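Basis for what follows: all heavy atoms, side chains included, without hydrogens, waters or symmetry-related copies. Numbering of ligands and ligand atoms starts at 1, following listing order. Since the structure is predicted, the reported quantities are computational estimates derived from the model, not experimental observations.
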Amino acid sequence: MTLVLGIESSCDETAAAVVRDGREVLSSIVATQAALHAPFRGVVPEIASRSHLETIVPVIAEALGAAGAEASQLSAVAVTTRPGLIGSLLVGLTAAKAFAWYHGLPLIGVDHLAAHLHAATMEEGPCALPAVALVASGGHTALYRFRSASDFEMLGSTSDDAAGEAFDKVAAMLGLAYPGGPSIEAAAAGFDVAPCLRRGEGFRLPEPSSGPFDFSFSGLKTAVRYRFHPPGQTPKKLEAEETRRLAALFQHAAVEHLARTTLAAALHEGARSVLAGGGVACNTLLRERLAAHCAKEGLALRVPRPALCADNAAMVAGLGHALFEAGRRDGFDLAALPSGAVS
Ligand code: KG4
Ligand code: ZN
């Protein structure tokens, strides 16, 4: 039996988890800072790192306690080292180094995007290859040709905003709460876009600006604004029903863009499986649209349960376990990198 402690602090979630044999999540504690950043409608790096500093030790203790695990029973400590906010990454990495050194445990550095990809194979094991994977979060939106979480190449990525960032910015425009993804989804819930689409009121899907598997969200974001604030005019006051309608139409367009581009890449690659992860993969409509497209094309779909899509440390421990089994050990000179080294 192998128990790995995972630590994640790359953005605004302080998280720790204990995972048995790479698959069984014994505990997964996520302390979100959303309320601290909400007044600024985005993550403030300095507030994030200070909050990680206050929370990291209790979160690790809680993860061990909830798993009923002693440090002496662990086989390794895995920690996110990249990409992310440098101050935030350093808090988790320093805590992981101190913990590993004190308890004489191997230390393993994990790429955050690779961990999001790994989450899709954690619950049900390896997927049928070839596979195409979508990671859609607040900081990244990209498609990968996926063989494993340590063997993948980028097929396309966003040329402007990340998908989650677009949800967050559109929510701010519409006066909806931060983070925007869940509040847009809630505002749009139960709103039938079909009649609006028949009347031609839908937002046009963004055209790929560079490659066929690239994404673009900034034009869509501007199109939402122009519906109630045309250039050079005074903004119209948004009534509740109009807010719901715009939220639903934006969600529809963003989700179709993500789902269609993912399926186009899967068909181009002759994929047998499609994987998805990252916070935006919590979105119910996106999950439904991916499922419908994959069923139509006879592709297997792997989208982890929402708790494993949004930032968490179970995915870090899971990938750490796979790297540990493959013989990976990092030294105490392990560095944090703000940008990813993902190909
Ligand atoms: O992966 P994640 O937790 O953190 C990053 O690595 O960025 O993703 C956070 C992003 C936020 O932009 C949030 O608005 C978005 O994921 N998100 C959603 C939903 N839940 C979270 N977007 C759309 N629909 C959701 N239900
Ligand atoms: Zn993430």
Task: Name of whichever N/O/S atom of His112 is nearest to the Zn ion (ligand 2) - done: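 Answer by atom name: NE2.
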Open item on the list: Suppose you place the vertex at the Zn ion (ligand 2); what is the angle out to Asp311 OD1 and His116 NE2, to 10°?
Closed with: 90°
With the threshold set at 4.0 Å, does a side-chain nitrogen-carboxylate oxygen contact exist between [X] and [Y]?
{"X": "Glu54", "Y": "Arg50", "value": "no"}
{"X": "Glu256", "Y": "Arg289", "value": "yes"}
{"X": "Arg245", "Y": "Glu241", "value": "no"}

Open item on the list: Please classify the His140 to ligand 1 contact at 4.0 Å (heavy-atom distances, strictly less than): side chain, backbone, both or neither.
Closed with: neither
TODO: For ligand 1, indicate whether the residue Asp311 contacts it via side chain, backbone, both or neither (heavy-atom separation under 4.0 Å).
DONE: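 Looking at Asp311 and ligand 1, atoms from backbone and side chain both fall under 4.0 Å.
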Task: Proximity winner for atom 13 (C) of ligand 1, if only heavy atoms of Asp161, Asp168, Asp12 are counted - done: Asp168
TODO: Is it possible for you to say whether Met122 and Phe324 belong to one hydrophobic cluster, with membership spreading through side-chain heavy-atom contacts below 4.5 Å?
DONE: no
- [ ] Flag yes if Leu143 and Val303 sit in one hydrophobic cluster, no otherwise; membership is Ile, Leu, Val, Met, Phe, Trp, Tyr, and two members link when side-chain heavy atoms are under 4.5 Å apart.
- [x]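 Both belong to a single hydrophobic cluster.
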Residue [X] vicinity, atoms of ligand 1 by number, heavy atom under 4.0 Å:
{"X": "Ala310", "answer": "3 (O)"}
{"X": "His112", "answer": "6 (O)"}
{"X": "Pro182", "answer": "19 (C), 20 (N), 21 (C), 25 (C)"}
{"X": "Gly138", "answer": "5 (C), 7 (O), 8 (O), 9 (C), 10 (C), 12 (O)"}
{"X": "Gly139", "answer": "7 (O)"}

Open item on the list: Suppose we measure from atom 23 (C) of ligand 1 to each protein heavy atom; which comes out shortest, and what is that distance?
Closed with: Gly181 CA, 3.4 Å
Open item on the list: Tell me the protein heavy atom at minimum distance from atom 24 (N) of ligand 1, and give that distance in Å.
Closed with: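 Of every protein heavy atom, Asn283 ND2, 3.0 Å lies nearest to atom 24 (N) of ligand 1.
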Task: Test: Arg227 cationic atom under 6.0 Å from Phe203 six-membered ring centre, within 45° of axis - done: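 Geometry flag: set, cation within 6.0 Å and 45°.
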- [ ] Describe, in one word, how the ring planes of Phe215 and His257 are oriented to each other, choosing from parallel (under 30°), tilted (30 to 60°) and perpendicular (over 60°).
- [x]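 Correct class here is perpendicular.
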Open item on the list: Could you check whether Phe250 and Phe167 have their ring centres less than 6.0 Å apart?
Closed with: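 Distance test on ring centres: under 6.0 Å, yes.
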